Amino acid sequence: MDVADIEALIKSEASISTDIDPHSIPEGDPQLQLRCNLYIHTLIRRWEETEPVYLPECLPELKRHLFPLLVQLRRGSLQKDLLTTLASLLYHLQQEEFAQAEQCYLDLSLGKVAWPIGVAGVGIHSAHDTARRIGTTRANVMKDEETRDWILQVKRLITFSIKAEPQSSEDEDDED
């Protein structure tokens with residue numbers, strides 16, 4: 001791929017909307033991963049352009065740890081369950097529905113894994129029985145270090161979006 005090809009790709013992507021359609025999430029729209037990638041880049045650009053820069057010491061780490069996610073989104077290789085939750089999260093950020101975005105973050109990081117609470121058994125075979133009952137599924141944050149890192153950076157993007165959003169609803173309430 002030469003420079004002209006890269007410039008043509010950048011121009012074609014500039015015309016792609018970053019708006020995530022909630023109806024396309026479960027269907028797996030072919031452009032969904034690209035839209036998620038472009039919207040994350042938009043959030044990073046907004047972070048960089050914020051005056052004064054929001055937590056400038058965290059920005060290099062954010063970019064470094066989000067890189068594997070962005071590559072997977074670019075290649076279209078992000079697992080369907082992760083893509084569904086991430087796209088839902090980004091949709092809620094776009095709609096400024098921050099509570100729902102944070103709930104999606106919890107689903108993204110912890111998943112729908114059963115977390116045992118309390119003492120289920122104390123016998124010699126209890127660990128084996130507990131593992132059999134729960135199954136072999138693990139939370140997404142426990143899959144590997146790379147996944148854990150980008151999931152944590154997604155939380156930083158949520159926090160940035162909340163802090164960067166003007167508090168218009170509170171301002172309107174103060175005027176009454």
Side-chain angles (χ1 to χ4, degrees), residues 1-49 54-55 58-115 131 134-162 164:
M1 193 175 241
D2 64 353
V3 175
D5 292 338
I6 294 172
E7 289 175 356
L9 181 65
I10 290 171
K11 284 183 182 179
S12 70
E13 287 180 356
S15 66
I16 296 174
S17 170
T18 60
D19 292 339
I20 296 172
D21 178 15
H23 303 294
S24 70
I25 294 172
E27 298 166 5
D29 173 20
Q31 293 254 314
L32 183 61
Q33 293 198 43
L34 181 59
R35 289 177 193 270
C36 289
N37 181 308
L38 294 174
Y39 185 65
I40 290 170
H41 279 290
T42 301
L43 289 173
I44 293 171
R45 206 170 309 110
R46 277 187 27 211
W47 184 320
E48 292 171 331
E49 295 169 356
Y54 174 76
L55 296 176
C58 294
L59 194 56
E61 180 182 0
L62 175 96
K63 290 178 178 180
R64 183 175 60 252
H65 290 306
L66 281 178
F67 183 75
L69 169 64
L70 296 171
V71 168
Q72 287 180 2
L73 289 170
R74 169 71 60 187
R75 291 182 179 158
S77 63
L78 188 64
Q79 296 173 9
K80 185 167 176 51
D81 61 330
L82 292 176
L83 173 63
T84 301
T85 309
L86 178 67
S88 299
L89 185 154
L90 295 175
Y91 167 76
H92 290 301
L93 281 183
Q94 287 178 339
Q95 301 304 310
E96 298 175 6
E97 299 168 345
F98 301 119
Q100 290 94 330
E102 288 183 331
Q103 182 60 49
C104 288
Y105 168 75
L106 290 175
D107 291 344
L108 181 67
S109 59
L110 300 177
K112 302 290 185 188
V113 177
W115 290 82
I134 294 172
T136 57
T137 57
R138 293 186 296 177
N140 293 328
V141 292
M142 298 175 137
K143 284 186 178 177
D144 58 42
E145 188 74 20
E146 185 177 277
T147 304
R148 184 184 68 79
D149 287 342
W150 70 252
I151 287 175
L152 289 172
Q153 300 315 310
V154 167
K155 176 59 176 157
R156 280 194 176 159
L157 287 176
I158 294 170
T159 304
F160 164 74
S161 297
I162 292 169

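Position 1 is the first residue of the sequence; numbering continues from there. None of these values were measured; they are calculated from a predicted model.
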In the structure I gave you, are the side-chain heavy atoms of Trp150 and Leu82 within less than 4.5 Å of one another anywhere? yes

Side chain to side chain contact (heavy atoms under 4.5 Å, CB included) involving Gln33 - partner list, sequence neighbours excluded: Leu73, Leu78, Leu83

I'd like to know if the side chain of Asp144 pairs up with that of Thr147 as donor and acceptor (distance under 3.5 Å, no hydrogens or angles considered). yes

Would you check, one step at a time, whether the test side chain to side chain contact (heavy atoms under 4.5 Å, CB included) holds for Leu59 with Leu55? CA-CA 7 Å; Leu59 194 56; Leu55 296 176; over 6 Å; no

Evaluate the criterion side chain to side chain contact (heavy atoms under 4.5 Å, CB included) for residue pair Glu48 and Lys63; output intermediate values, then yes/no. CA-CA 11 Å; Glu48 292 171 331; Lys63 290 178 178 180; 2.3 Å; yes

Just to verify, what does Gln100 make a side chain to side chain donor-acceptor pair (under 3.5 Å) with, not counting sequence neighbours? none

Pairs where residues 152-162 contributes a residue and the test side chain to side chain donor-acceptor pair (under 3.5 Å) is met, not counting sequence neighbours: Glu61-Arg156, Glu102-Lys155, Gln153-Arg156

Would you list the pairs meeting salt bridge (Lys or Arg N to Asp or Glu O under 4.0 Å) in which at least one residue belongs to residues 37-47, sequence neighbours left out? none

With sequence neighbours left out, what residues match Glu97 under salt bridge (Lys or Arg N to Asp or Glu O under 4.0 Å)? none

With a 3.5 Å distance limit and no angle check, can you tell me whether Ser24 reaches the backbone of Asp21 through a side-chain donor-acceptor pair? yes

Can you list everything that forms a salt bridge (Lys or Arg N to Asp or Glu O under 4.0 Å) with Asp149? Sequence neighbours excluded, please. none

Taking the side chain as every heavy atom from C-beta outward, state whether Val71 and Arg74 have any pair of such atoms under 4.5 Å apart. no

Can you list everything that forms a side chain to side chain donor-acceptor pair (under 3.5 Å) with Arg64? Sequence neighbours excluded, please. none

What are the two closest non-hydrogen atoms of Leu93 and Ala101, and how far apart are they? CD2-CB, 3.9 Å

Could you tell me the separation between the CG atom of Leu89 and the CD1 atom of Ile20, rounded to the nearest 0.5 Å? 9.0 Å

What pairs with Trp47 under ring pair (Phe, Tyr, Trp, His ring centres under 6.0 Å), at least two apart in sequence or on another chain? Tyr54, Phe160

Please examine the side chains of Leu90 and Arg35, heavy atoms only from C-beta on, and report whether any two atoms are closer than 4.5 Å. no

Between CG on residue Leu86 and CD1 on residue Ile40, distance to nearest 0.5 Å: 5.0 Å

Supply the atom-to-atom distance Cys36 SG to Gln72 CD, rounded to the nearest 0.5 angstrom. 12.5 Å

Pairs satisfying ring-ring contact (aromatic ring centres under 6.0 Å, His included), at least one member in residues 72-96, at least two apart: none

All ring pair (Phe, Tyr, Trp, His ring centres under 6.0 Å) counterparts of Tyr39, not counting sequence neighbours: none

Is Asp81 close to Thr84 at the side-chain level, that is, under 4.5 Å between some pair of heavy atoms? no

Test of understanding: with side chain to side chain donor-acceptor pair (under 3.5 Å), list the residues that count as partners of Glu146, not counting sequence neighbours. none

Side chain to side chain donor-acceptor pair (under 3.5 Å) partners of Gln95, counting only residues at least two apart: none

Return the CG to CG distance between Leu157 and Leu152, rounded to the nearest 0.5 Å. 11.5 Å

To the nearest 0.5 angstrom, please state how far the CG atom of Asp19 sits from the CG atom of Leu38. 11.5 Å

Drop me the distance from Gln79's CD to Thr85's OG1, to the nearest 0.5 angstrom. 10.5 Å

